[in-house]
Structure formats: structure tokens, C-alpha cells
Amino acid sequence: MSDPFAFDPFDDATRRDPFPLFARARREHPVYPHPGLPIVSVFRYADIQAILKDPETWSNNFPAPPGFDPEKIPKPSMLGQDPPEHTRLRSLVNQAFTPRIVRRLEPRMHEIARALLDHALAQREVDLVAALTYPLPVVVIAEIIGVPAEDREQFKHWSDEAVANLGNALFVPPAPERLERITTLLAEMGEYFSRLADLRRRDPREDLLTGLVQAEVEGSKLSRDEMLRMLVLLLVAGNETTTTLIGNAALELLAHPDAAARLRVEPQLIPSAVEEVLRYSSPVQLDPRLAKRRVEVCGHVVEAGQIVVNWLGSANHDEAVFADAERFDITRQENHHLAFGFGPHYCLGANLARLEAQVALQALLSRTRGFERVGDGPLPLHPSIVFRGVTQLPVRLLPT
Ligand code: HEM
């Protein structure tokens, strides 16, 4: 008899290498109800893609956890809204993240990456997260929004706290103190942005904050609360994710020295290497939805009110879509991974994140002869099961 299938997303060994279990799940349990919970996990690419593109059936607006007063739960940002509210809110910020606009930021990104590496190389042994993978995205998004990059330690504190429990709460209801903490955190961030918004109203600039303030001033387009929630979302959504992507890229290059060597001589492969990291070691592993009605997924009935957890990390290793799916291949063509989601909530910052990761890799590879891990114990994992990534990555940099 074969082993009974069980999938515990909190299990440390599973989190470090979920792919054998994902492969078995795709074969034998493409839809897996978690015992005792109103949650089912979904593992196949085709099912996940179909769910993410159908907001009529699948909502992003989750109810308060059992036992919590909905009035006391912070209101969702656009990420937690369905059309038509979602469409209205997204149209207000879309323009700031088009490929053309993002390209304009490239020289500045190189400058930031160069300065960070100068500093890191002077030390030789650094935690790559603190030295590069965290500060690059946070400085870039701070400059786009128009908030002082000097406040980045404060942003880190906010982002870390805001995402620490992300996704975990789907499976284990948060402690009341945790929700209180999040409410206080959002209030602190709201106050911070509110002060800056007042400054921009008096003294407009060429930044996203001024654009949002103008949308608010024009009346019906954006309420004050919506504006503040949007700013918090932009600040938080792009940080941990892009930090994790750059960190995972460094980890994959450490694990695949042949790929690292090839990128040093063929840097034109960096964009496809970044796509492969997104697929192979997806920073965001899961993307949940709430069933609005009774619906079938791959022959399994999901009741209205149940949550499906879409495992993007599994979809991106689906052999039905990707040839030789378990192989890390920086030259992979037709890499239609779901690392940025799919459908109406497709990541707003995808262009930005890609470019930041490309710039970071280019800097790391061109300014060093190599880099190697310091220490050999297991690295600390991100506390949220949403993320596949480490919170520290000590390395020794070998300057060119
Ligand atoms: C590697 C880096 C990133 C990854 C893997 C990532 C991943 C994702 C995913 C999977 C979603 C879809 C969520 C859903 O379907 O509910 C999403 C949405 C979003 N992302 Fe990203 N993200 C990254 C970077 C960024 C950056 C740099 C920004 C900065 C602007 C950003 C802003 C957003 C926003 C605002 C949404 C919500 C979009 C909406 O609701 O319409 N992300 N991201």
C-alpha cells in the first residue's frame, strides 16, 4: 500500500523542498481538502490559472477570521477587492508601472545597486539580504511613491510586521493581539502617509503620491482612506517579494555554479535567468481565493465560502506545462509561469520587480569574481508560508 498523502504547509522540511510533494499532489491529489479546515489546496497549473482569471466565481475579499468582529478588521486594499471596485482602484495606479515608465528608472536602479555593492565589497563578508536584496527594492519603491528613502528602516519594520503572518492566518486563526498589532501598524502607516499627502497637496511634485493626492482632490475617484490603503499596499507588496526574488536568484546561482559561470560570460541571459528563478523558486508560493458559489474544481466540489489555496509554486513545476520542469534552466523559452499571479490581480509591480532583479544580478555578477556562502547550516526561512525565501544569506564576496 502506498503512503497516505498528507500536506502540511508549515512543516519545515516541506517548506525547504516542497517539490516532491507538489509533484505527487498534482498526480494523485490535485485538489486536497485540509482535514478539519474549510480550505482546499489546488496544485495543477490549469486549475489555478482558471481560478485566478475568474473573479465572478472566486473572490479576493476574505471574511474576518472566525470569532472576530468584521467591523474591527482593517478594510482591504485593492488586492482584497473584486471588480468593479478593484478595476477602479487599479486604473488609478496602473500608469505608474507600465514597462515604459519602469524602464526610465533603470539608470537610477543601477546607481543604487552600485552604491550598495561598493559598501558590501568594502566589507567582503555580508548578509546579502541586509546589504542588497532588501535595500534595493525599498529605495526604488520609496522614490517612485515619493517618500524619503532615509525612512527605510521604518518601512522595513512595518513591512516585516505586516507580512510576517501573511497566509498563515488562513490555516491558523491569528491571536487577537496579532490583529490588534496589525490595526495599530496600519494606523501608524496611515498617519505617516497622511502627513506626506498633506505636504504634496501644498507642494506637488513629480511622484506617485502627488498623482494619488490629485485623484483624491478630484473627488469621487479615490477616498482618503482608499488612498492610504493603496500607499500601504504599494510600500509593502513590492518589498518582501522582490527581496525574496533577488535572494532566491543568489541561492540558485550558488546551487548551480554552471549557470552562474555562464551568466558571467553571457549577461544577455540575465532576463531569462530571472524568469527561471521566478518559475523554479517562486517567491510567492500561494495565492488564495474564496468560493462565491458551489463550484467544481478538477472533479472536486468546493462549497460557497470555502477557501482555495492555489499553490503557484506547484503550478510552476507542472510537467504538463513545462518541459523538464524540475530542471533549473536559465535558457528556458516560453516560460509562462504564474509567479506574478494571473488575471485581474496580476502583479502590478511585475515589470518593476523583473528589472530590479536583473539589475541586482548584473551588479553582483559584474562586480565580483564569485560569491560563496559563509556557514553551512540551514538558513532561516521567512516566517510566512506565502513566501519561499530566507531572511538572512551570509556570503563572502570575491571582488573582481
Ligand atoms: C518578485 C516580486 C514580486 C512577486 C513574486 C509578486 C507577486 C504578486 C502576486 C502573485 C500577485 C497577485 C495576488 C493575487 O492574485 O491576489 C501580486 C499582486 C500585486 N503586486 Fe506583486 N509581486 C512582486 C513585486 C511587486 C512589486 C515590486 C510591486 C510594487 C508596486 C508589487 C505590487 C503588487 C500589487 C499592488 C498587487 C495587487 C494587484 C491587484 O490587486 O490588482 N508587486 N504580486
Side-chain angles (χ1 to χ4, degrees), residues 48-49 51-55 58-62 76-98 101-102 105 109 133-134 136-145 147 155 159 162-163 166-167 170 208 212 226 229-249 274-290 307-313 315-316 337-361 382 384 386-389:
I48 292 176
Q49 191 182 37
I51 290 169
L52 295 181
K53 75 174 179 203
D54 178 9
W58 301 100
S59 171
N60 238 14
N61 195 343
F62 295 90
S77 65
M78 81 167 162
L79 181 59
Q81 310 256 5
D82 298 329
E85 293 79 9
H86 169 259
T87 323
R88 171 178 63 88
L89 292 169
R90 181 148 171 150
S91 71
L92 293 170
V93 283
N94 246 341
Q95 284 309 313
F97 297 95
T98 60
I101 299 286
V102 166
L105 302 168
M109 286 183 198
T133 73
Y134 172 70
L136 177 65
V138 81
V139 173
V140 171
I141 195 70
E143 292 191 1
I144 294 175
I145 297 176
V147 295
F155 302 154
S159 300
V163 300
L166 196 68
L170 291 169
L208 186 60
L212 290 176
E226 284 171 338
R229 285 198 293 274
M230 177 74 80
L231 288 163
V232 170
L233 172 67
L234 292 175
L235 187 66
V236 171
N239 284 349
E240 211 76 11
T241 45
T242 313
T243 295
T244 306
L245 171 61
I246 304 171
N248 288 0
V274 167
E275 290 314 301
E276 184 64 345
V277 176
L278 281 159
R279 181 193 76 83
Y280 186 83
S281 188
S282 308
V284 172
Q285 286 281 303
L286 67 88
D287 194 359
R289 289 294 185 270
L290 179 77
I307 291 171
V308 298
V309 174
N310 297 297
W311 289 93
L312 304 177
N316 289 340
H337 60 72
L338 300 180
F340 290 119
F342 195 79
H345 288 279
Y346 180 80
C347 178
L348 180 76
N351 299 315
L352 184 65
R354 286 185 161 115
L355 193 58
E356 286 175 338
Q358 292 167 17
V359 165
L361 275 196
H382 197 284
S384 155
V386 168
F387 294 101
R388 170 174 178 74

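As the structure is a prediction and not an experimental result, all values here were calculated from the model. Keep in mind that the numbers below use all heavy atoms, side chains included, and drop hydrogens, waters and symmetry copies. Note that ligands are numbered from 1 as they come in the structure, with each ligand's atoms numbered from 1 the same way.
Ligand 1 lies out of reach of Arg354, whose nearest heavy atom is not under 4.0 Å from it. For the pair Asn60 and ligand 1, a heavy-atom separation below 4.0 Å is found. Heavy atoms of Pro344 come nearer than 4.0 angstrom to ligand 1 in at least one pair.
Scanning the protein for heavy atoms near atom 38 (C) of ligand 1, the closest one is Arg90 NH1, 3.3 Å. Of all protein heavy atoms, the one closest to atom 5 (C) of ligand 1 is Ala339 O, 3.6 Å. Here the heavy atom of the protein found nearest to atom 26 (C) of ligand 1 is Gly238 CA, 3.2 Å. Looking only at protein heavy atoms, the nearest one to atom 40 (O) of ligand 1 is His345 ND1, 2.7 Å. Of all protein heavy atoms, the one lying nearest to atom 30 (C) of ligand 1 is Phe97 CE2, 3.5 Å. Ranking the protein heavy atoms by distance from atom 14 (C) of ligand 1 puts Asp287 OD1, 3.1 Å first. Ranking protein heavy atoms by distance to atom 37 (C) of ligand 1, first place goes to Leu79 CD1, 3.6 Å. Distance from atom 23 (C) of ligand 1 to its nearest protein heavy atom, with residue and atom name: Thr241 OG1, 3.4 Å.
Listed by number with element, the atoms of ligand 1 under 4.0 angstrom from any heavy atom of Thr242 are 2 (C), 24 (C), 27 (C). Each of the atoms 1 (C), 2 (C), 24 (C) of ligand 1 lies under 4.0 Å from some heavy atom of Ala353. Proximity to Leu245 (heavy-atom distance under 4.0 Å) selects the following atoms of ligand 1: 1 (C). Against a heavy-atom cut-off of under 4.0 Å, Leu233 is close to the following atoms of ligand 1: 35 (C). The contact set between ligand 1 and Arg289, taken as ligand atoms under 4.0 Å from a residue heavy atom, comprises 14 (C), 15 (O), 16 (O). Which parts of ligand 1 touch Leu348 is read off a 4.0 Å heavy-atom cut-off, strictly below it: atoms 19 (C), 20 (N), 33 (C), 34 (C), 35 (C).
In this model, a donor atom of one side chain and an acceptor atom of the other lie less than 3.5 Å apart for Ser281 and Arg388. A side-chain N or O of Arg289 and one of Asn60 form a donor-acceptor pair less than 3.5 Å apart.
Each of Val93, Leu208, Leu212 was compared with Leu231 under the side chain to side chain contact (heavy atoms under 4.5 Å, CB included) criterion, and only Leu212 meets it.
Taking the side chain as every heavy atom from C-beta outward, Gln358 and Arg354 approach each other to under 4.5 Å. You'll find the side chain of Ile246 stays beyond 4.5 Å of the side chain of Leu361, heavy atoms only. Looking at Val386 and Asp287, their side chains never come closer than 4.5 Å, going by heavy atoms from C-beta outward. Using a 4.5 Å heavy-atom cutoff, the side chains of Thr243 and Pro137 are in contact. Proximity of Ser77 to Val232: side-chain heavy atoms (C-beta onward) are nowhere separated by under 4.5 Å. Leu348 has its side chain within reach of Met78: a pair of non-hydrogen atoms, C-beta onward, lies under 4.5 Å apart.
Nearest approach of Ala249 to Val277, heavy atoms of both residues: N-CG1, 3.6 Å.
Scanning His86, Gln285, Met78 for the heavy atom closest to atom 41 (O) of ligand 1 points to His86. Checking Cys347, Pro55, Pro283, Pro137 against atom 17 (C) of ligand 1, the nearest heavy atom belongs to Cys347.
Remark: Arg88 engages Glu226 in a salt bridge, criterion side-chain N to carboxylate O under 4.0 Å.
Taking the six-membered ring where the residue is Trp, Phe340 and Tyr346 present perpendicular rings, their angle passing 60° and hence far from 30°.
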